[in-house]
Amino acid sequence: MQPFTERVIGIIRSIPEGKVMTYGQVAAHAGSPRAARQVVRILHAMSAAHKLPWHRVVNARGEIAIRDGDSRTQQMLYLSGEGVEVGDEGAVDLSRYGYVPGEPEPAEFF
DNA sequence: CTCATGACAATGA
DNA sequence: CTCATTGCCATGA
């Protein structure tokens with residue numbers, strides 16, 4: 001199987017609850033920092049088959065990438081249900097919920 | 001090989 | 001804000 005797809009799938013599967021990753025990060029960890037589009041494709045194509053938490057994958061700004069459709073609302077609901085604060089525009093705080101593989105949880109902020 | 005497709009990213013108007 | 005453009009790259013026909 002293509003390392004790319006599997007890699008991406010594995011990475012996405014490893015995203016813990018209450019955390020989100022950007023397409024660029026996933027692509028970078030998969031081996032191609034500029035392959036954010038492929039991440040998108042893979043997600044769309046394999047999310048159902050592989051039960052991927054696609055809702056934990058957002059665009060570079062930490063916002064929901066979907067422009068329109070039920071999926072957008074679903075993603076917001078999923079995230080909020082996992083403890084992620086989602087804004088009205090589907091924006092999350094990457095500095096708080098951004099998942100960085102290998103990095104431990106940051107200490108208390110205050 | 002080419003061509004088309006993307007739930008993107010960055011930039012510019 | 002939206003829209004257009006360009007860059008980017010894997011995947012499938």
Side-chain angles (χ1 to χ4, degrees):
Chain A
M1 191 50 164
Q2 291 69 305
F4 243 57
T5 309
E6 301 218 324
R7 272 236 199 226
V8 173
I9 292 171
I11 293 168
I12 293 169
R13 284 191 67 239
S14 68
I15 303 176
E17 296 183 10
K19 291 284 181 178
V20 297
M21 270 187 87
T22 70
Y23 288 95
Q25 283 180 329
V26 176
H29 279 269
S32 296
R34 282 97 167 136
R37 303 250 262 291
Q38 282 57 257
V39 177
V40 167
R41 268 169 55 39
I42 293 164
L43 261 170
H44 224 181
M46 322 295 280
S47 59
H50 290 263
K51 295 289 177 56
L52 300 177
W54 58 272
H55 50 261
R56 295 190 194 135
V57 184
V58 294
N59 65 15
R61 292 179 185 170
E63 301 166 356
I64 293 178
I66 307 163
R67 289 178 170 280
D68 164 87
D70 300 326
S71 301
R72 197 191 137 103
T73 307
Q74 275 300 305
Q75 183 166 16
M76 291 172 69
L77 291 176
Y78 277 129
L79 292 176
S80 60
E82 291 180 359
V84 177
E85 296 180 51
V86 183
D88 289 3
E89 283 107 55
V92 307
D93 191 338
L94 281 182
S95 66
R96 207 151 41 185
Y97 305 108
Y99 176 54
V100 183
E103 290 292 311
E105 290 292 303
E108 306 309 306
F109 273 101
F110 63 114

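Numbered from 1 within each chain, the chains take letters A, B, ... in sequence-line order.
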Rounded to whole Å, please give me the gap between CD in A:Glu6 and P in C:dA10.
16 Å

DNA chain C: A:Glu89 or A:Arg41, which has the more 5' nearest nucleotide?
A:Glu89

Taking CD from A:Glu63 and P from B:dA10, how many angstroms apart are they, rounded to a whole number?
11 Å

Rounded off to whole Å, could you give me the CG-to-C1' distance for the A:Asp88 and C:dC1 pair?
16 Å

Any donor-acceptor N/O pair under 3.5 Å between B:dC8 base and A:Arg37 side chain
yes

So if I apply the side-chain contact (heavy atoms from CB on, under 4.5 Å) rule between A:Met21 and each of A:Leu94, A:Ile11, A:Ile12, which one comes out positive?
A:Ile11

Here the distance between atom P of C:dA10 and atom NE2 of A:His29, to the nearest Å, is 17 Å

Quick one: is C:dT11 close enough that its OP1 or OP2 comes under 4.0 Å of any side-chain N or O from A:Thr5?
yes

Can you tell me which nucleotide in B:dT11, B:dA9, C:dC9 comes closest to the side chain of A:Asn59?
B:dA9

Would A:Arg56 and A:Tyr97 count as a side-chain contact (heavy atoms from CB on, under 4.5 Å) if you check the C-alpha gap in whole Å, the side-chain angles of each, and the deciding distance to 0.1 Å?
CA-CA 10 Å; A:Arg56 295 190 194 135; A:Tyr97 305 108; over 6 Å; no

Could you give the CZ-to-P distance, from A:Phe4 to C:dG12, as a whole number of Å?
13 Å

Looking at every non-hydrogen atom in both residues, tell me the closest pair between A:Pro53 and A:Arg13 and how far apart they are.
CD-CA, 4.2 Å

Without swapping roles, check the side chain of A:Gln75 against the backbone of A:Val57 for a donor-acceptor pair under 3.5 Å.
yes

Could you tell me how far apart A:Met46 (CE) and C:dT11 (C1') are, to the nearest whole angstrom?
11 Å

When the nearest nucleotide of DNA chain C is assigned to A:Arg34 and to A:Ile42 on a heavy-atom basis, which residue is associated with the more 5' position?
A:Arg34

For A:Ser32, answer base if it contacts any base atom (sugar-phosphate contacts may also be present), sugar-phosphate if it contacts only those atoms, and nothing otherwise; contact means non-hydrogen atoms under 4.0 Å.
sugar-phosphate

To the nearest Å, how far apart are A:Arg61 CZ and B:dT11 C1'?
10 Å

Checking the side chain of A:Glu63 only, and the main-chain atoms of A:Ala91 only, is there a donor and an acceptor separated by less than 3.5 Å?
no

Whole angstrom value for the distance that separates C1' of C:dG12 from CD of A:Gln38
12 Å

